[in-house]
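So the structure is just underneath, and the comments pick up after that.
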Amino acid sequence: MLEKTTDRIKEYLAGYDGPSVNIMEICGSHTEAVARFGIPSLLSDKIKMISGPGCPVCVTTSAYIDKLLELAKEGYVIATFGDLIRVPGSHSSLSDAKGEGARVEMVYSPLDVIALSEADPDSRFVFAAVGFETTTPVYALLMEELIEKDIKNVKLLTSLKTMPEVVDEMLKNGAPIDGFLAPGHVSVVTGYEIFEPIAEKYKMPFAVSGFEGDQILLSIYEVVKNKDQGKVINCYPKVVSAKGNVTAKEKVGLFFEKCDASWRGLGTVQSSGMRLKSEYRDYDAGSDGLDTDEKKNPACSCDKVLTGRMRPYECPLYAKVCSPINPQGACMVSTEGSCYSYFVNKRKD
């Protein structure tokens, strides 16, 4: 299909003069790529790109951060990916706690916590298990390793989300969206068929997209051409299939089960999360009930930005008191966050 991404497609998208089309890129990696490749500058004014709730750091509630801070005060070593360190809870962040003496370790893989725990068997570790369907299989591998090696000083604090339910929630509540770029890496695991029921329900196209410029343009083209049609177009066929990675899904199913989950700015969405099964709850650091989402700054508009109801630059804090150096909300922290992307790329589209 990538052969169709030619000058003809670029000309079509630049010259499009039909009904307005609002396209949400669900995934934070797509938000970053859309900016990096200058995609909005190649589109007609009738085609608008909207960032969605697909940055796992951005949709993590303040209560989750607060729980990590509580565990750090209790003496646990917090192991986490770098972006999460600076995400504000209701009052402070892991970065603040580290500056005050808490042990916070930045890792590049969940499996890194095993080496940390083995090197320091007298300490207790909590891994901040945040992510979507792409990351959950790695946490399943972590669980497998912890059990096989009989490691007792590591727990997980989970905030694991699944895509289809939150997309359905947004559309049910009238989000101004006409089509979606579905994340290619999520679809590698889940298969593109997970989006078919929503596409059919709302008569709306989903284009499963890769992350290169020509792949994104092709996917936008397919969404525009199929406006008002309830279908999923697989624009990433080299790696995405209908069923996805069956082995990875089975591995996840060994350790995790579906649950309700709280999203920053969206509240609790039924069956939109994954948690450790009851037989593995000894490895859980207290993940249930972390649904409070108290803003560090009451004027923060991350909730509206994440659901396409506000552009980042429309937030009253944007580029004033809120910047990547001094983030007031999660969307300005991660490189996949829409506010961060708009700020560093000076986007006004």
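Count residues from 1 along the sequence.
- The line from CG of D349 to CD1 of I47 is 12.5 Å long, rounded to the nearest 0.5 Å.
- Distance alone, capped at 3.5 Å, is enough to place a donor-acceptor pair between the K249 side chain and the K243 backbone.
- Here the side chain of Y76 pairs no donor or acceptor atom with the backbone of A285 at under 3.5 angstrom.
- Neither side chain, T162 nor E133, offers a donor N or O lying under 3.5 Å from an acceptor on the other.
- One finds a salt bridge joining E70 and K67 here, because a Lys/Arg side-chain nitrogen approaches an Asp/Glu carboxylate oxygen to under 4.0 Å.
- Partners of K48 under the side-chain hydrogen bond (donor to acceptor under 3.5 Å, both in side chains) rule, at least two apart in sequence or in another chain, do not exist in this structure.
- No side-chain donor from either of S209 and Q215 sits under 3.5 Å from a side-chain acceptor of the other.
- Screening residues 251-279 for salt bridge (charged side-chain N to carboxylate O under 4.0 Å, His left out), with sequence neighbours left out, gives E144-K251, E165-K258, E257-R275.
- Contact annotation: the side chain of V154 never approaches that of I114 to less than 4.5 Å [non-hydrogen atoms, C-beta and beyond].
- Taking hydrophobic clusters as Ile, Leu, Val, Met, Phe, Trp and Tyr residues chained together by side-chain heavy-atom distances below 4.5 Å, L156 shares a cluster with I151.
- Between S51 atom OG and E336 atom CD the span is 11.0 Å, to the nearest 0.5 Å.
- Closest of all the heavy-atom pairs between S93 and L69 is O-CD2, 3.4 Å.
- The number of heavy atoms from other shown groups lying within 6.0 Å of NZ (K346) does not exceed 12.
- The closest donor-acceptor contact from the side chain of N226 to the backbone of E222 lies under 3.5 Å.
- Checked for salt-bridge contact, K172 and E169 meet the test: a charged N lies under 4.0 Å from a carboxylate O.
- Every residue two or more places apart in sequence or in another chain that forms a side chain to side chain contact (heavy atoms under 4.5 Å, CB included) with P324 is listed here: M332, Y340, F343, V344.
- Both I26 and I198 sit in one connected hydrophobic cluster of ILVMFWY residues. Membership requires side-chain heavy atoms under 4.5 Å apart, directly or through other members.
- Here the side chains of L306 and C331 are in contact, with some heavy-atom distance below 4.5 Å.
- Taking both residues in full, the closest heavy atoms of A261 and K161 are given as CB-CD, 3.9 Å, listed atom of the first, atom of the second, then distance.
- There is a path of hydrophobic side-chain contacts, each under 4.5 Å, that joins V232 to M170.
- Annotation: salt bridge (charged side-chain N to carboxylate O under 4.0 Å, His left out) contacts involving residues 106-129, sequence neighbours excluded, comprise R103-D120, E118-K149.
- Closest approach of S241 and G244 over heavy atoms only: OG-N, 3.0 Å.
- Nearest heavy atom pair, residue P327 against residue P88, reads O-CG, 4.4 Å.
- No side-chain N or O of S323 forms a donor-acceptor pair with one of N326 less than 3.5 Å apart.
- Across every non-hydrogen atom of P316 and A299, the tightest pair is CG-O, 3.9 Å.
- A heavy-atom distance below 4.5 Å is found between the side chains of V34 and I216.
- Atom CZ of residue R347 and atom CG of residue N345 lie 7.0 Å apart, to the nearest 0.5 angstrom.
- Both M24 and M163 belong to a common hydrophobic cluster when Ile, Leu, Val, Met, Phe, Trp and Tyr are linked at side-chain heavy-atom distances under 4.5 angstrom.
- A donor-acceptor pair under 3.5 Å is formed between the side chain of D66 and the backbone N or O of S90.
- In summary, of the residues considered (T31, L43, N22), a side-chain contact (heavy atoms from CB on, under 4.5 Å) with M49 occurs for L43 alone.
- Side-chain atoms of V130 and Y64, non-hydrogen and from C-beta on, do get closer than 4.5 Å to each other.
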Start with the C-alpha distance between L111 and E145, add both sets of side-chain angles, then the distance that settles side chain to side chain contact (heavy atoms under 4.5 Å, CB included), and finish with yes or no. CA-CA 8 Å; L111 298 176; E145 287 281 307; 4.3 Å; yes
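- Counting heavy atoms from C-beta on, the side chains of N234 and Y236 come closer than 4.5 Å.
- Checked against the 6.0 Å centroid threshold, F132 and H185 do not count as a close aromatic pair.
- Side-chain contact, E105 with T80: no donor N or O sits under 3.5 Å from an acceptor N or O.
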Side chain to side chain contact (heavy atoms under 4.5 Å, CB included) evaluation trace for D17 with S44: CA-CA 7 Å; D17 195 31; S44 157; 5.8 Å; no
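- No side-chain heavy atom of V87 sits less than 4.5 Å from a side-chain heavy atom of T60.
- Using modelled atom types, no side-chain atom of K304 and backbone atom of M310 make a donor-acceptor pair closer than 3.5 Å.
- Distance check, rounded to the nearest 0.5 Å: CE of M106 to CG of L94 gives 13.0 Å.
- The aromatic rings of Y12 and Y221 sit perpendicular to each other, their planes meeting at more than 60°, with 30° as the lower class boundary.
- Pairs passing the salt bridge (charged side-chain N to carboxylate O under 4.0 Å, His left out) check and including a residue from residues 151-160, sequence neighbours excluded, read D150-K152.
- The aromatic rings of F180 and F206 sit parallel, their planes meeting at an angle under 30°, below the 60° perpendicular limit.
- Partners of D284 by side-chain hydrogen bond (donor to acceptor under 3.5 Å, both in side chains), not counting sequence neighbours, listed by chain and number: S287.
- One finds the CG atom of N173 at 9.0 Å from the OG1 atom of T307 (value rounded to the nearest 0.5 Å).
- Checked by atom type and distance alone, the side chain of N153 pairs as donor or acceptor with a backbone atom of S123 at under 3.5 Å.
- The shortest distance between side-chain heavy atoms of Y283 and F255 does not fall below 4.5 Å.
- Listed for the K46 side chain is a donor-acceptor partner under 3.5 Å among the backbone atoms of G18.
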Going through the checks in order, is the side chain to side chain contact (heavy atoms under 4.5 Å, CB included) test met by R281 and D288? CA-CA 11 Å; R281 297 313 285 272; D288 289 342; 2.9 Å; yes
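- Heavy atoms only, all atoms of each residue included: A330 and V57 are closest at CB-O, 3.8 Å.
- In the hydrophobic clustering of this structure, F256 does not group with V166; members are Ile, Leu, Val, Met, Phe, Trp, Tyr whose side-chain heavy atoms approach within less than 4.5 Å, directly or through other members.
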Passes side chain to side chain contact (heavy atoms under 4.5 Å, CB included), T158 versus M274? Steps please. CA-CA 8 Å; T158 59; M274 300 291 286; over 6 Å; no
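- T135 places none of its side-chain heavy atoms less than 4.5 Å from the side chain of P56.
- The closest side-chain donor-acceptor pair between S262 and D291, if any, does not fall under 3.5 angstrom.
- Rounded to the nearest 0.5 angstrom, S301 OG and Q328 CD are separated by 11.5 Å.
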